[in-house]
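What you see is a predicted model; the values in this text were computed from it and never measured. Labels below follow one simple rule: chain letters A, B, ... track the order of the sequence lines, proteins then strands, and each chain is numbered from 1.
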Amino acid sequence: MVKQKGILWIIGVIALLLLFGYVLATAIAVFLGRGIPTGGNIALIPIHGVILSTGASSPFGDAVASSTKIVEFIKQADKNPSVKAIIFDINSPGGSGVASDEIATAIRKTNKTTVSFIREVGASGAYWVASSTDYVLVNKLSYTGSIGVLASYLEFSGLLTDYNVTYQRLVAGKYKDIGTPWKKLTDEERNLIQEQLGDAHEIFIEEVAENRGLSVEVVRRLATGQPIMGYRAKELGLVDSIGGKDEAIRFVEEMYNITADVAEYKQKVTLLDMLASVFSQGFYRMGLGIGYGLKQEQPMYVWT
Amino acid sequence: MKKKMVINAPIAKRLLAFIIDLAIIDLIVAISFQGLLRNLVPATSIAQTYKAVTMGPPKGMYAILLSAGLIAFLYFYIIEGKTGQSIGKRIMRVKVVSQKDSAWGHILRNLFIIPFMPFILLWIIDPVFMLLNEDNQRLTEYLGKTKVVEEISW
């Protein structure tokens, strides 16, 4: 009887240790948040949401594809000897020119075969990223292309006047407050911004031309900023094939004569990331004011 | 009428008991951490695992090691402290006895299981001391006044 009690008691302790282990594992996973697996022969990296340099998706805001994290994923996949190819799952309207270029540059630097497939949207900066991969697939109804840049914003000088509010301009450097929504944009300032947009546009065109093996003139003709549907993008040579994830995986399998073991490099959001994002978005919107807090309105921010 | 005698547990029996306990602890850790480990360590092949690990320990590995050490420590401390016998010792019919039953003695004897410095040094010091000690005690057992014995009857 004593022996039986001892055995039951030991089983109970083992069960409690198992439970304790689960609690510890969960705690580590929550605070780690990293989604870099070390297995698999195909790395799948999602690019979902607006492409920005930093930031994480929050439950209260837009999805964000952080170029910092994506570049890190690309580097890790590149270092992993078991990974044969990297597939990018793209569903993004684009975003910051800098962030898009960071990802595109990291893709070009990798030694692995890169494949991208565009889902609903792979436009502007997201198309820039897709075009830098070795093989691009798109759904026939996807929206892609949109090769252009924008820096539009809402200007509130009239509203201030209506409410008898004055913008007190105090600057050292005459273009220091260029693009502020609290005053009218002068012709000189407009021309300055437009010139910079033109330069950014030209860089975008040249990048796509080089990536896709098209002439700059051909791409420039297509670079009106208009979104192009997938089937049309194929006809124009902006993408390689109509297809999705399955076709992208099959492409890699046939190229390397392997059976795919796909490891998804998720941009896991830790509890701390979510809290930071909520607070930073809140302070960001408060700090910039109502006009800046409007969705997709970023003065002097070049968007592709 | 059977005669009984208590002798110092042979080192071989102690070693076997420890291997059994280690297997049980590994099972507990593997089951609890399987989700986390699947993300950190590749399951493709031993060669790939070796390559991945030598690229540098994945982030979180130290936390997992510490957790495994803590689970192992609690396994021995709770079970041996309460019953005198871990599962491995129960199977090998040896048990822990204490000159003065104190929690400190049980803590000391199980410090070697913690996988970080300076406790890792006990992996060398303890066995060497055991070989030189007439009661087959490890250093931490000697300091904590515990030892492992076997009850034989004939």
Side-chain angles (χ1 to χ4, degrees), chain A residues 1-44 69 72-73 75-84 256 258-268 270, chain B residues 21 24-91 95:
Chain A
M1 187 65 174
V2 171
K3 229 186 203 175
Q4 278 179 341
K5 190 180 176 185
I7 289 169
L8 278 174
W9 185 86
I10 286 172
I11 291 171
V13 171
I14 301 287
L16 279 172
L17 285 173
L18 265 168
L19 188 63
F20 183 57
Y22 271 122
V23 169
L24 285 174
T26 306
I28 293 169
V30 165
F31 283 100
L32 264 188
R34 285 259 305 264
I36 300 182
T38 48
N41 54 20
I42 296 177
L44 177 68
K69 287 190 177 163
E72 191 189 341
F73 288 162
K75 286 178 180 171
Q76 288 294 332
D78 196 36
K79 273 197 315 189
N80 191 334
S82 67
V83 169
K84 298 278 182 254
Y256 289 99
I258 54 170
T259 303
D261 176 18
V262 180
E264 187 169 351
Y265 286 43
K266 274 186 206 165
Q267 197 172 309
K268 273 186 191 166
T270 67
Chain B
D21 287 323
I24 293 166
I25 291 165
D26 284 347
L27 205 58
I28 294 172
V29 171
I31 292 171
S32 312
F33 286 82
Q34 61 176 322
L36 203 54
L37 286 171
R38 206 181 290 129
N39 266 340
L40 296 178
V41 180
T44 47
S45 69
I46 293 171
Q48 299 295 357
T49 307
Y50 174 76
K51 275 182 186 170
V53 171
T54 51
M55 282 191 314
K59 206 171 181 180
M61 203 47 109
Y62 293 119
I64 294 173
L65 269 176
L66 186 62
S67 302
L70 183 60
I71 288 170
F73 179 85
L74 288 172
Y75 170 89
F76 284 111
Y77 177 73
I78 296 172
I79 298 178
E80 278 183 1
K82 180 75 179 178
T83 67
Q85 288 178 303
S86 62
I87 296 172
K89 287 186 173 67
R90 198 173 278 258
I91 292 169
K95 65 180 179 182

(request) Heavy-atom distances under 4.5 Å only: say whether S67(B) touches chain A with side chain, backbone, both or neither. (result) both

(message) Using heavy-atom distances under 4.5 Å, tell me whether I87(B) contacts chain A through its side chain, its backbone, both, or neither.
(response) side chain

(request) Determine the sole option in L18(A), L17(A), V23(A) for which the side chain to side chain contact (heavy atoms under 4.5 Å, CB included) test with S32(B) is passed. (result) L18(A)

(message) Is Y22(A) close to chain B through its backbone or its side chain, or both, or neither, when contacts mean heavy atoms under 4.5 Å?
(response) both

(message) Can you confirm whether I78(B) sits close enough to W9(A) that some side-chain heavy atom of one is under 4.5 Å from a side-chain heavy atom of the other?
(response) yes

(message) Are the side chains of I10(A) and R90(B) in contact, using a 4.5 Å heavy-atom criterion?
(response) yes

(request) Report the distance from atom CD1 of I14(A) to atom CD1 of I24(B), rounding to the nearest 0.5 Å. (result) 6.0 Å

